[in-house]
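Since the structure comes first, as structure tokens, the remarks are kept for the end.
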Amino acid sequence: MRGYLNDAAETAIALRDGWLFTGDLARMDEDGFFRVVDRKKDMIKSGGLNVYPSEVEHVLALHPAVARCAVVGVADDKYGELVQAWVVLQPGARTSADELKSFCRVELAAYKIPKDIQFCDQLPENFLGKVRRIELRQRAA
């Protein structure tokens with residue numbers, strides 16, 4: 001990659017000292033294999049602790065009423081950011097924000113549990129079907 005088309009500033013951020021900085025966060029397992037866990041710019045910093053949206057989304061998606069979900073950080077004066085979830089329910093399913101929070105308590109630390117859960121009919125997506133988290137952050141603001 002030589003750079004971003006007509007975007008010198010983004011190119012300078014991504015290409016440094018011969019390396020491509022993708023913004024992906026990965027973990028190495030005991031066998032030396034890497035697994036991408038999230039994007040650096042999507043990580044939520046709440047009260048000085050890091051929350052990976054994909055971890056919270058994974059737990060929410062295990063609930064039988066949840067068809068799709070997305071998690072974003074929203075600004076908070078006290079904690080910096082709070083965890084907010086956007087949930088699309090399975091057709092005909094019913095649940096509440098409180099029920100989903102209780103469900104999350106089994107698998108997640110308290111600071112990772114969404115403080116706010118919004119229900120919607122669909123999540124905003126790009127042409128590849130990936131959730132546009134920036135749009136969800138804008139809705140929250």
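Hydrogens, waters and symmetry mates are skipped; everything else that's a heavy atom, side chains included, is used.
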Just wondering, are more than 12 heavy atoms of other shown residues or ligands nearer than 6.0 Å to [atom1] in [X]?
X      : atom1 : answer
Arg16  : CZ    : yes
Ile134 : CD1   : no
Asp31  : CG    : yes
Tyr111 : OH    : yes

Step by step, work out the side chain to side chain contact (heavy atoms under 4.5 Å, CB included) result for Arg139 and Gln118.
CA-CA 10 Å; Arg139 285 185 196 177; Gln118 297 290 319; over 6 Å; no
Reported [atom1]-to-[atom2] distance for the pair [X] and [Y], which is rounded to 0.5 angstrom:
X     : Y      : atom1 : atom2 : value
Phe21 : Lys40  : CZ    : NZ    : 9.0 Å
Leu15 : Met1   : CG    : CE    : 5.0 Å
Gln84 : Leu136 : CD    : CG    : 8.0 Å

Any [X] side-chain heavy atom under 4.5 Å of [Y] side chain:
X      : Y      : value
Arg132 : Glu125 : no
Leu100 : Phe119 : yes
Met28  : Phe33  : no
Arg39  : Ser54  : no
Asp38  : Met43  : no
Lys41  : Arg133 : no
Leu62  : Phe103 : yes
Val71  : Ile44  : yes

query = Between Leu123 and Leu89, is there a shared hydrophobic cluster once you connect ILVMFWY residues whose side-chain heavy atoms come closer than 4.5 Å?
reply =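 Unlinked, Leu123 and Leu89 end up in two clusters.
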Margin query: Hydrophobic cluster membership, with links at side-chain heavy-atom distances under 4.5 Å among I/L/V/M/F/W/Y: are Val72 and Ile117 in one?
Written below: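 In one cluster with Val72: Ile117, no.
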By the definition side-chain contact (heavy atoms from CB on, under 4.5 Å), identify the one residue from Val87, Val56, Val131 that meets it with Cys69.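 That would be Val87.
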For this session: Going by the side-chain contact (heavy atoms from CB on, under 4.5 Å) test, name the single residue among Val51, Val83, Leu108 that passes it with Ile113.
Result: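 With Ile113 as partner, Val51, Val83, Leu108 yield a single side-chain contact (heavy atoms from CB on, under 4.5 Å), made by Leu108.
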How far apart are the C-alpha atoms of Glu99 and Ser102, what are their side-chain angles, what is the distance that settles it, and do they pass the side chain to side chain contact (heavy atoms under 4.5 Å, CB included) test? CA-CA 5 Å; Glu99 181 181 330; Ser102 294; 5.7 Å; no
Give a yes or no answer on whether the side chain of [X] reaches the backbone of [Y] with a donor-acceptor pair at less than 3.5 Å.
X      : Y      : answer
Lys101 : Lys115 : yes
Glu10  : Tyr4   : no
Glu81  : Lys45  : yes
Ser46  : Leu82  : no
Asp17  : Trp19  : no

For this session: Report yes or no: is the cationic atom of Arg27 (NZ for Lys, CZ for Arg) closer than 6.0 Å to the six-membered ring centre of Phe34, at no more than 45° off its axis?
Result: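 Verdict for Phe34: no cation-pi partner in Arg27.
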Notebook entry, point to check: Would Asp24 and Thr22 count as having a side-chain donor-acceptor pair, cut-off 3.5 Å?
Noted result: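 Asp24 vs Thr22: donor-acceptor pair found between side chains.
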Original post:
Under 3.5 Å, is there a donor-acceptor pair linking the side chains of His58 and Glu107?
Top reply: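 Judged by distance alone, the side chains do not pair up.
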Q | Short N-O contact, Glu55 and Lys112, less than 4.0 angstrom | A |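 Yes.
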Would Asp121 and Arg68 pass as an ion pair if we require N to O under 4.0 Å?
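No salt bridge links Asp121 with Arg68.
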Side chain to side chain contact (heavy atoms under 4.5 Å, CB included) between Val66 and Gln90: does it pass, once the steps are laid out? CA-CA 6 Å; Val66 175; Gln90 296 282 0; over 6 Å; no
